[in-house]
Amino acid sequence: AAGAKEMTVRDALNSAIDEEMSADPKVFVMGEEVGQYQGAYKITKGLLEKYGPERVYDTPITEAGFTGIGVGAAYAGLKPVVEFMTFNFSMQAIDHIINSAAKSNYMSAGQINVPIVFRGPNGAAAGVGAQHSQCYAAWYASVPGLKVLAPYSAEDARGLLKAAIRDPDPVVFLENELLYGESFPISEEALDSSFCLPIGKAKIEREGKDVTIVTFSKMVGFALKAAEKLAEEGISAEVINLRSIRPLDRATINASVRKTSRLVTVEEGFPQHGVCAEICASVVEESFSYLDAPVERIAGADVPMPYAANLERLALPQIEDIVRASKRACYRSK
Amino acid sequence: SSGSDLPPHQEIGMPSLSPTMTEGNIARWLKKEGDKVAPGEVLCEVETDKATVEMECMEEGYLAKIVKAEGSKEIQVGEVIAITVEDEEDIGKFKDYTPSSTADAAPTKAEPTPAPPKEEKVKQPSSPPEPKASKPSTPPTGDRVFASPLARKLAEDNNVPLSDIEGTGPEGRIVKADIDEYLASSGKGATAKPSKSTDSKAPALDYVDIPHSQIRKVTASRLAFSKQTIPHYYLTVDTCVDKLMALRSQLNSFKEASGGKRISVNDLVVKAAALALRKVPQCNSSWTDDYIRQFKNVNINVAVQTENGLYVPVVKDADRKGLSTIGEEVRLLAQKAKENSLKPEDYEGGTFTVSNLGGPFGIKQFCAVVNPPQAAILAVGSAEKRVVPGNGPDQFNFASYMPVTLSCDHRVVDGAIGAEWLKAFKGYIENPKSMLL
């Protein structure tokens with residue numbers, strides 16, 4: 001149709017930052033290669049030219065340094081958007097993120113707000129080895145005082161990043177490198193500069209009645225493909241895109257499981273103490289009597305990410321894994 | 001819990017009495033609570049998927065508690081059926097014993113008590129039969145019914161006894177759909193929509209529901225499996241039995257003179273089939289996904305119908321046995337089948353089956369279902385006297401013909417091979433003296 005527009009996740013993120021910088025002079029971006037190089041993944045393309053070096057800071061290669069500067073700027077009332085070239089490098093700066101940013105509002109009895117966004121690609125890309133392939137969703141989502149968002153589509157990326165920048169509290173914004181170049185249909189509403197998505201609200205991407213598949217980020221696409229395959233075999237799967245890992249939308253998850261009676265959770269991160277485990281706990285706590293099958297958990301393998309392409313594939317959830325787990329959940333001997 | 005304050009005792013588990021046995025029924029207890037038991041004495045009779053087998057005691061002691069009473073059905077292998085103790089005075093302490101150790105559970109409907117750690121100990125390896133195993137190989141399930149939380153809630157809301165329902169979920173767990181189906185088919189469902197039954201005006205049917213015996217279940221599942229997965233085809237041929245009958249009466253006059261038992265036509269058929277299998281061993285084979293296994297032994301199962309169900313005991317190495325031996329063995333096995341006392345060695349290891357509905361029942365001709373994992377089965381019809389045209393225009397002769405039908409698994413036996421086998425069989429039947437060669 002003529003009205004059906006498409007947008008890449010990269011353009012969605014870029015336009016969201018651009019619009020928020022344009023709307024609020026307190027918003028600025030900082031990070032390695034965000035300015036003159038236009039961003040390692042071109043998320044900040046054109047911003048230096050448009051807003052100048054005062055609002056688009058190229059930093060040295062020192063996460064501990066520039067993240068601390070960013071948190072300090074937020075204490076003082078600015079709204080920094082700090083880019084990590086990958087969230088693996090945020091480990092250098094995790095003290096600032098958790099001890100300085102996440103806890104200050106509580107420890108100051110609400111006197112200090114820390115309106116900062118930490119953003120960048122998270123989790124596995126392709127062939128970048130163990131030290132560049134970890135998912136930090138479960139790490140940051142375990143910390144009170146942080147909000148953790150993970151977009152899947154272009155609409156998610158725009159709506160959630162704009163919400164994150166406007167939010168008065170520190171937000172960890174987990175992108176996925178492999179989604180940057182992916183195009184998604186986008187509505188006129190989502191293209192409006194006032195567009196914003198609520199933090200803490202999941203989206204039902206596909207309705208179904210037999211099994212609920214809950215996941216986030218790139219795995220939403222896998223879950224949707226799995227749901228298509230399941231539909232061919234007569235299993236109707238509901239796919240929930242979490243969008244927000246913290247706060248976790250327990251209400252939407254539980255309402256869906258109460259409808260389908262079966263739950264499959266999917267994440268790329270490690271299985272132990274993961275996001276899947278948390279979703280499972282929320283359902284066992286709130287909807288135990290509605291479960292008709294054990295919760296199926298599909299996560300990354302419990303090993304540092306292998307470099308070899310064949311092993312890397314085996315270490316990550318695949319569409320067929322989701323299909324298989326869903327069938328297990330729906331199994332009957334007759 | 002019951003385990004901690006009880007004196008030393010042995011938990012007797014349901015033994016695995018055949019390679020395919022997963023559950024068994026207690027047919028009869030020969031010992032009662034309080035009886036002294038010694039090694040080799042028969043504790044009880046267990047009805048397995050194939051036969052009723054005596055379960056012997058392995059150690060000296062006293063039978064303190066019968067956990068699974070006579071007639072208990074579908075007891076999983078390893079599940080506790082009885083308790084024995086060494087000291088006579090300990091017998092009374094097991095009066096109220098339950099293997100799942102739920103003694104401490106609150107009387108109200110409490111959450112299921114987790115199995116005590118004692119039961120999680122892994123049994124030391126022991127060879128079957130394992131009546132003396134002190135710990136069952138799986139945690140004893142006792143009366144515990146496994147159901148999903150949702151199924152449990154639905155059952156409670158609708159007053160459905162979970163124990164009445166057979167679960168179809170993973171590991172036999174009862175799931176929501178099982179409760180839904182139960183409700184739809186139970187009296188509740190019927191009273192819920194009486195209008196429907198009155199509408200249809202059909203007179204109520206008078207019927208009786210006969211519970212499945214173990215052998216009925218096995219027959220049903222094996223034959224359904226066979227007919228659904230094995231590509232059957234059928235070859236029928238008429239065999240002239242005049243010479244066979246003549247030989248038989250000759251042999252039987254010798255037998256009668258010496259006081260021996262008579263030889264039946266079926267004994268001759270078994271012998272001829274065995275020799276034909278030697279000649280065409282492709283029919284003496286089993287299909288597997290990776291290869292066809294061709295047997296060097298010729299072990300022939302003979303179908304025997306009894307009041308309890310259909311049994312197929314086996315005559316081992318029938319190709320190398322004389323007619324007297326074959327006849328004697330078939331008679332003995334048939335007797336055992338009727339008494340429900342076949343042992344596993346009496347029915348295991350067959351490579352070909354003969355089913356005869358001709359002699360005893362007068363069935364003209366029929367097609368049998370292959371007895372897996374075998375590749376062929378011979379169906380024997382009844383011999384019939386016919387008029388056959390002679391050489392000249394007005395000439396005719398009389399001759400007796402017995403039609404036989406070979407059912408083959410086409411994965412193993414191609415049509416021409418099946419025909420070749422029948423040719424060999426027909427050769428032995430029509431010239432029975434060639435069986436001597």
Side-chain angles (χ1 to χ4, degrees), chain A residues 208-214 230-231 233-238 240 250-265 276-298 320-334, chain B residues 20 22-23 49 74 76 108-115 139 141 144-160 162 164-186 212 216-218 220-225 227-229:
Chain A
K209 60 180 178 52
D210 295 329
V211 57
T212 298
I213 306 174
V214 180
L230 288 164
E233 301 187 42
I235 295 175
S236 158
E238 179 145 307
I240 294 183
R250 286 179 155 230
T252 297
I253 297 167
N254 277 279
S256 175
V257 170
R258 286 177 182 214
K259 181 174 73 171
T260 65
S261 309
R262 303 179 188 90
L263 173 63
V264 174
T265 63
C276 287
E278 181 60 30
I279 295 165
C280 173
S282 92
V283 167
V284 171
E285 283 165 1
E286 293 182 28
S287 305
F288 181 74
S289 293
Y290 294 84
L291 283 172
D292 204 19
V295 177
E296 291 282 350
R297 174 167 60 156
I298 303 294
E320 53 268 36
D321 298 326
I322 305 172
V323 171
R324 208 180 316 116
S326 304
K327 283 191 193 167
R328 268 203 304 269
C330 297
Y331 173 86
R332 279 191 83 199
S333 62
K334 63 171 183 183
Chain B
T20 54
T22 57
E23 55 178 42
D49 53 344
E74 292 166 21
Q76 299 297 308
T108 51
K109 66 164 176 51
E111 299 245 282
T113 335
T141 49
R144 174 74 199 257
V145 174
F146 290 97
S148 78
L150 178 58
R152 247 171 221 288
K153 175 144 196 319
L154 282 172
E156 197 180 300
D157 291 350
N158 293 287
N159 287 320
V160 173
L162 281 174
D164 285 5
I165 294 175
E166 196 180 337
T168 63
E171 290 155 22
R173 189 189 301 121
I174 299 170
V175 293
K176 174 176 179 282
D178 298 323
I179 307 284
D180 290 344
E181 283 170 14
Y182 179 90
L183 288 173
S185 67
S186 71
H212 298 320
R216 176 70 22 217
K217 282 195 215 170
V218 172
S221 80
R222 283 175 62 87
L223 291 183
F225 169 80
K227 203 73 205 254
Q228 286 168 5
T229 63

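In what follows, chains carry the letters A, B, and so on, assigned in the order in which the sequence lines appear, proteins first and then strands, with residues in each chain numbered from 1. Everything numeric in this text was worked out from a predicted model, so none of it was measured.
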Considering residues, nucleotides and ligands other than B/Arg216, do more than 12 of their heavy atoms fall under 6.0 Å from its CZ?
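No, not enclosed.
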Checking heavy atoms, do the side chain of B/Glu166, its backbone, both or neither come under 4.5 Å from chain A?
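Neither; nothing under 4.5 Å.
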So what's closer than 4.5 Å to chain A heavy atoms on B/Ala147: side chain, backbone, both or neither?
neither
Quick check on the interface: out of B/Ala177, B/Gly169, B/Gly172, who has the most heavy-atom pairs with chain A under 4.5 Å?
B/Ala177
Can you name the closest pair of heavy atoms from [X] and [Y] and give their distance?
X: A/Ser289; Y: B/Lys153; answer: CB-CD, 3.4 Å
X: B/Thr168; Y: A/Tyr331; answer: O-CE2, 3.8 Å
X: B/Ala151; Y: A/Asp292; answer: N-OD1, 4.1 Å
X: B/Lys176; Y: A/Ser261; answer: CD-OG, 4.5 Å
X: B/Ser148; Y: A/Ala293; answer: CB-N, 4.3 Å

